[in-house]
Number of protein chains: 2
Amino acid sequence: MTDRLSTTLSALADPTRRGILAQLARGEATVGELAEPYDMSLAAVSKHLKVLEHAGLITRGREAQWRPCRLKAAPMAEVADWVGEYRRFWEQSLDRLEDYLAELQKGDPGGTKN
Amino acid sequence: MTDRLSTTLSALADPTRRGILAQLARGEATVGELAEPYDMSLAAVSKHLKVLEHAGLITRGREAQWRPCRLKAAPMAEVADWVGEYRRFWEQSLDRLEDYLAELQKGDPGGTKN
DNA sequence: TCGTTATTCAACCACTCGGTTGACAGGCAT
DNA sequence: ATGCCTGTCAACCGAGTGGTTGAATAACGA
């Protein structure tokens, strides 16, 4: 699992870490501030931060005894690119769903006229 | 880790599984066909397919002794939506990078004139 | 210098993951 | 019926994950 996209995706595949990113999207924060919403030890949050840092999703500075974290969304661009390759597949199925619903609205029972 | 977005992301956070999805994007395939590019047992691929199915990323039919798989990209839409929320963050940093490079090109050493 | 605050480190635990192997089951074809 | 494909299941293994606790580090405040 050494490729970067896998590292990014697995870093994102955890609700706590996504919560941390959401919090950082509202601005820089210290470890303690980031940990506050969660019912887990500071050490656990520190580990999550290490995962995010390793994935390049955050950077950590040092200000006195605090280690403020900042969001670095760059790796997400790769995720967006990758998933974008599949857009036509899900849009196509949504289209089919919409068509189906439209047929229902028009009162065409079953929509099997072809 | 019961939420759907986490399930989807962790299913995608494996290069073998992403490879399988890429193959399915080119059309329906059987387990054997999907396994062929990989240097691992059929059982291992079967497990990967179970993960993908559980994440709703594929469906499996049954035709005689074959179990053909089809891509179902719908869950990826949620990923695209989520990551899209952060677009401005990475675009902003790319902009800053571009600005910085532009400054370098213009021969403004350091770009610290403000 | 001593205590407090903020954070990390190290060891440990239960659990999950990605892989293996061997046995098994469903559906052809002879 | 027998055997051959195709695929899954079950048990196992080593490595990784997400959490805990307690000790260690670092910087400030008195």
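A, B, ... follow the sequence lines: proteins, then strands. Residue 1 opens every chain. Small disclaimer: the values here were computed from a predicted structure and weren't measured.
Between the CG atom of L9(B) and the C1' atom of dT17(D) there is a distance of 17 Å, given to the nearest Å. The separation between D14(B) atom CG and dA15(D) atom C1' is 14 Å, rounded to whole Å. One interatomic measurement links the two molecules: CZ of R62(A) to P of dA26(D), which rounds to 10 Å at whole-angstrom precision. Rounded to whole Å, the distance from CG on L12(B) to P on dC17(C) is 14 Å.
Grouping the Ile, Leu, Val, Met, Phe, Trp and Tyr side chains by contacts below 4.5 angstrom, directly or via other members, places V51(A) apart from L49(A). Under a hydrophobic-cluster definition in which Ile, Leu, Val, Met, Phe, Trp and Tyr are linked whenever side-chain heavy atoms come within less than 4.5 Å, directly or via other members, F89(B) and L57(A) are assigned to the same cluster. In terms of hydrophobic clustering, with Ile, Leu, Val, Met, Phe, Trp and Tyr side chains grouped at heavy-atom distances under 4.5 Å, V31(B) and W66(B) are assigned to different clusters.
A residue-by-residue look at W66(A) and K50(A) shows that W66(A) has its nearest nucleotide of DNA chain C further toward the 5' end. Each of R67(B) and R67(A) has a nearest nucleotide on DNA chain D; the 5'-most of these lies closest to R67(B).
Atom CD of E28(B) has more than 12 heavy atoms from other residues, nucleotides or ligands within 6.0 Å.
The shortest heavy-atom contact between R87(B) and A80(A) is NH2-CB, 4.2 Å. Considering all non-hydrogen atoms of both residues, E33(A) and P37(A) come closest at O-CD, 3.5 Å.
Remark: R17(A) is in phosphate contact with dG18(D), judged by side-chain N or O atoms under 4.0 Å from OP1 or OP2. For R60(B) and dT8(D), the shortest distance from a side-chain N or O to OP1 or OP2 is below 4.0 Å.
Near DNA chain D, defined here as any heavy-atom distance below 4.0 Å, there are no residues from residues 24-38 of chain A. Near DNA chain D, meaning a heavy atom under 4.0 Å from it, residues 39-48 of chain B has L42(B), A43(B), S46(B), K47(B) in order of number.
Atom CZ of residue R26(A) and atom CG of residue L21(A) lie 11.5 Å apart, to the nearest 0.5 angstrom.
In summary, of the residues considered (K72(A), R17(A), K47(A)), a side chain to side chain contact (heavy atoms under 4.5 Å, CB included) with L52(A) occurs for R17(A) alone.
A donor-acceptor contact shorter than 3.5 Å is absent between the side chain of E85(A) and the backbone of W82(A).
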